[in-house]
Trainee: 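Here it is, the structure in full.
The sequence lines fix the lettering, A, B, ..., with proteins before strands; numbering per chain opens at 1.
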There are 2 protein chains.
Amino acid sequence: MTIAPRRTRREEIIEIAARVFAKTGFRATSLAEVAAEVGVSQPGLLHHFKTKDALILAVLQQRDAEDEEWMAGALDPDDVTLETWVRVIAERNLGQPGLVRLFTLTAAESLDADHPAHEYFSQRHLHSRAALTAIVRRDQEAGRVHTDLDPEVVAIEVLAMMNGLQLFWLSAGDVDLVGLLMAHVRRYRTGAA
Amino acid sequence: MTIAPRRTRREEIIEIAARVFAKTGFRATSLAEVAAEVGVSQPGLLHHFKTKDALILAVLQQRDAEDEEWMAGALDPDDVTLETWVRVIAERNLGQPGLVRLFTLTAAESLDADHPAHEYFSQRHLHSRAALTAIVRRDQEAGRVHTDLDPEVVAIEVLAMMNGLQLFWLSAGDVDLVGLLMAHVRRYRTGAA
DNA sequence: GTCTATAGACAGATAGAC
DNA sequence: GTCTATCTGTCTATAGAC
C-alpha cells in the first residue's frame, strides 16, 4: 500500500512565498504577508523557516530543483542544442510570468553584497554561463554553429538576451518572447545570413 | 557680473539619494539613510521632498535630464547611427556602475503596479524602443544596416542585450561590456558575416 | 505545529520651535 | 530651512501556553 504523495506544509509555504516575493521582491515583502496568504500566523511561519533569509534561499533552491527536474524530462542531455535549450526554457517561462519576475527582481536586488541571495546569484550566473558555453561548444563541434564564434561570448549573449527580453516582456505585453529569442539564436547557425 | 552656478541643497540631495538607492533599491532604503549621508535630519530631508515617492521620481528624472544633456553634447542628432549610439552609451555606463545599478534595480522593482516608478519605467521602455527604432530605420535607409531586418526587432534586441549584459557586468566583473555590445551590434551591419 | 503576546528596532510623516 | 520630539504603524524574532 503506497502512501499518497502529500504536500507538506513546508512545500506549501515555499510555493506561496515564491508568488508573494515575485510581486514586491524579498526586502520589501514582510513575513506577515506570506503568512496571511498561507493562512497561518507569522510566528507559525517562522516555525518552518527560522529566519526570513532562510525562506528566500529555500524558495530559490526549490525553484531551481524543479526546473532541473523538469529539464531532465523535457530534454535528452546527450541531445541538447543551443536552439532546443533556448526554446524549451523560453516556452516554459512563457507560462510562468510570476517565476520569471521572481528571478528578475531577486537577481537585481541581490547585487547588494549584503543581500542573503547575493552569493547564490553570483554562482548561478557563473554556472549558467558555463553550462551554456558547453552546449554551444558541442554545437560547434557538430557543425551546427559557426566555429569562428567564441562559445563563451555566445553563451553570455544568449543569457543576456533572455534576461533583457524578459524584462521588456514583463513590462509591456506586446513582446513575442519565444519568437524574438529563436530569431536571435538562429543567427548563430552555420549557413545563416 | 555672472552669478556662480551654485548647487542647491535639492540637487545635492538628489545626487546622494541616487547613490544610496543604487545600493539597496528604493523600497528597502529608508529616508533616514539618505538624510544621514546628506548630513541633515530626516524631517529636514522631507522639507525638500514632501514624500519618499517624490524623491525617487526626482532622482530618476534628474538622471534622465543629465543623460539627455550629455548625449546632446556627445552626438550630433543628425548623425547618430546604431553603432555610435550604442558605443557612446556603453562607454559612459562603464564609468558609472552606480547609476547602471540604480536603473537595473529600480526597473525590476517597478514591475509592481503599486511602485511609485511603475508608470515612469513603462513609458521609459516604450520611449527607448521607439527612439532606437528610428535610428535603426535611418541606418537602413542609409544602407548601413541590413534592410531585411525589422527595425523594431533590432531595437528591442539591442536594448535587451544592453540591459542583460549590464546585469552580468555588475555581478561578475569579468564582462567586457563595451566589447560585447559592439560585437553584437556589428552583426546588423550590411556586409557582416 | 500553531497560537497569543510582546519585545525591540525602525519606518514615513507631522507639529511646532527657532 | 533645519531642528527635536513624537505619532502611528510595521518589521523580524522570541517566549511561552496549548
Side-chain angles (χ1 to χ4, degrees), chain A residues 3-60 62 105-106 109-110 112 114-118 120, chain B residues 3-60 62 105-106 109-110 112 114-118 120:
Chain A
I3 298 170
R6 198 161 42 83
R7 195 173 62 158
T8 64
R9 177 124 268 195
R10 192 187 153 88
E11 287 165 343
E12 185 192 3
I13 291 172
I14 286 176
E15 189 181 313
I16 292 173
R19 204 169 63 231
V20 181
F21 285 142
K23 176 168 160 54
T24 38
F26 167 72
R27 285 186 147 148
T29 302
S30 70
L31 289 176
E33 285 177 70
V34 179
E37 287 287 317
V38 175
V40 295
S41 68
Q42 179 255 0
L45 197 156
L46 282 176
H47 171 76
H48 298 277
F49 300 90
K50 278 181 196 162
T51 66
K52 197 190 174 192
D53 288 7
L55 177 56
I56 184 64
L57 288 176
V59 166
L60 295 172
Q62 172 67 21
L105 180 43
T106 318
E109 259 191 337
S110 76
D112 182 8
D114 297 335
H115 193 283
H118 178 73
Y120 169 86
Chain B
I3 298 170
R6 198 162 39 87
R7 194 174 64 157
T8 65
R9 177 122 268 195
R10 192 186 153 88
E11 288 165 342
E12 185 192 4
I13 291 171
I14 286 176
E15 188 181 314
I16 291 173
R19 202 169 64 231
V20 180
F21 285 141
K23 174 167 162 55
T24 39
F26 167 72
R27 284 185 148 148
T29 302
S30 70
L31 291 175
E33 285 176 70
V34 179
E37 287 287 316
V38 175
V40 295
S41 68
Q42 179 254 4
L45 196 156
L46 283 176
H47 170 76
H48 298 276
F49 300 91
K50 280 182 195 162
T51 65
K52 196 189 175 192
D53 287 8
L55 177 55
I56 184 66
L57 288 175
V59 166
L60 295 171
Q62 173 67 22
L105 180 43
T106 318
E109 258 190 338
S110 76
D112 182 8
D114 297 334
H115 193 282
H118 178 73
Y120 169 86

Trainee: Does A:Glu15 use its side chain to pair, donor to acceptor, with the backbone of A:Glu12 at less than 3.5 Å?
Mentor: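 No, A:Glu15 side chain to A:Glu12 backbone: no donor-acceptor pair under 3.5 Å.
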
Trainee: Quick check for you: to the nearest 0.5 Å, what is the distance between A:Leu105 atom CG and B:Leu105 atom CG?
Mentor: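 Between A:Leu105 CG and B:Leu105 CG, I get 8.0 Å after rounding to 0.5 Å.
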
Trainee: May I have the distance from A:Leu45 (atom CG) to C:dG1 (atom P), rounded to whole angstrom?
Mentor: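 A:Leu45 atom CG is separated from C:dG1 atom P by 14 Å.
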
Trainee: Look up atom CG in B:Leu45 and atom CD1 in B:Ile13, then write down how far apart they are to the nearest 0.5 Å.
Mentor: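 One finds 4.5 Å between CG of B:Leu45 and CD1 of B:Ile13.
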
Trainee: Does C:dG1 have OP1 or OP2 under 4.0 Å away from a side-chain N or O of A:Arg10?
Mentor: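 No, outside the criterion.
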
Trainee: At their closest point, which heavy atom of B:Ala58 faces which heavy atom of B:Arg10, and how far apart are they?
Mentor: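 In terms of heavy atoms, the two residues are closest at CB-NH2, 4.3 Å.
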
Trainee: State, to the nearest 10°, the angle formed by the axis through the first five base pairs of the helix from C:dG1-D:dC18 to C:dC18-D:dG1 and the axis through its last five.
Mentor: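 Between the axes fitted at each end of the helix from C:dG1-D:dC18 to C:dC18-D:dG1 lies an angle of 0°.
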
Trainee: Which pairs pass salt bridge (Lys or Arg N to Asp or Glu O under 4.0 Å) with one or both residues in residues 16-28 of chain B, sequence neighbours excluded?
Mentor: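 Residue pairs with at least one partner in residues 16-28 of chain B: A:Asp112-B:Lys23, A:Asp114-B:Lys23, B:Arg19-B:Glu37, B:Arg27-B:Asp112.
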
Trainee: Using atom types as modelled and distance alone, determine if a side-chain donor or acceptor of A:Glu11 lies under 3.5 Å from a backbone N or O of A:Thr8.
Mentor: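 Answer holds: yes.
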
Trainee: Is the distance from OP1 or OP2 of C:dT2 to the nearest side-chain N or O of A:His47 less than 4.0 Å?
Mentor: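 For C:dT2, neither OP1 nor OP2 has a side-chain N or O of A:His47 closer than 4.0 Å.
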
Trainee: How long is the span from the NZ atom in B:Lys52 to the CG atom in B:Leu46, to the nearest 0.5 Å?
Mentor: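 It is 11.0 Å, given to the nearest 0.5 Å.
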
Trainee: If the sugar-phosphate is the primed atoms plus P, OP1 and OP2 and the base is the rest, what is the B/S/- string for nucleotides 4-18 of chain C, using protein heavy atoms under 4.0 Å?
Mentor: BB-----SBBB----

Trainee: Hey, could you give me each pair passing ring-ring contact (aromatic ring centres under 6.0 Å, His included) that has a residue in residues 12-47 of chain B? Not counting sequence neighbours.
Mentor: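 For residues 12-47 of chain B: B:Phe21-B:Phe26, B:Phe26-B:His115.
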
Trainee: Using the side-chain hydrogen bond (donor to acceptor under 3.5 Å, both in side chains) criterion, which residues pair with A:His48? Sequence neighbours excluded.
Mentor: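 A:His48: no side-chain hydrogen bond (donor to acceptor under 3.5 Å, both in side chains) contacts found.
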
Trainee: By a strict heavy-atom criterion of less than 4.0 Å, which residues belonging to residues 14-23 of chain B are in contact with DNA chain C?
Mentor: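 None - not one residue of the stretch has a heavy atom sitting under 4.0 Å from the strand.
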
Trainee: Donor-acceptor check, side chain of A:Lys50 to backbone of A:Leu55, threshold 3.5 angstrom: yes or no?
Mentor: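 No; zero donor-acceptor contacts below 3.5 Å.
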
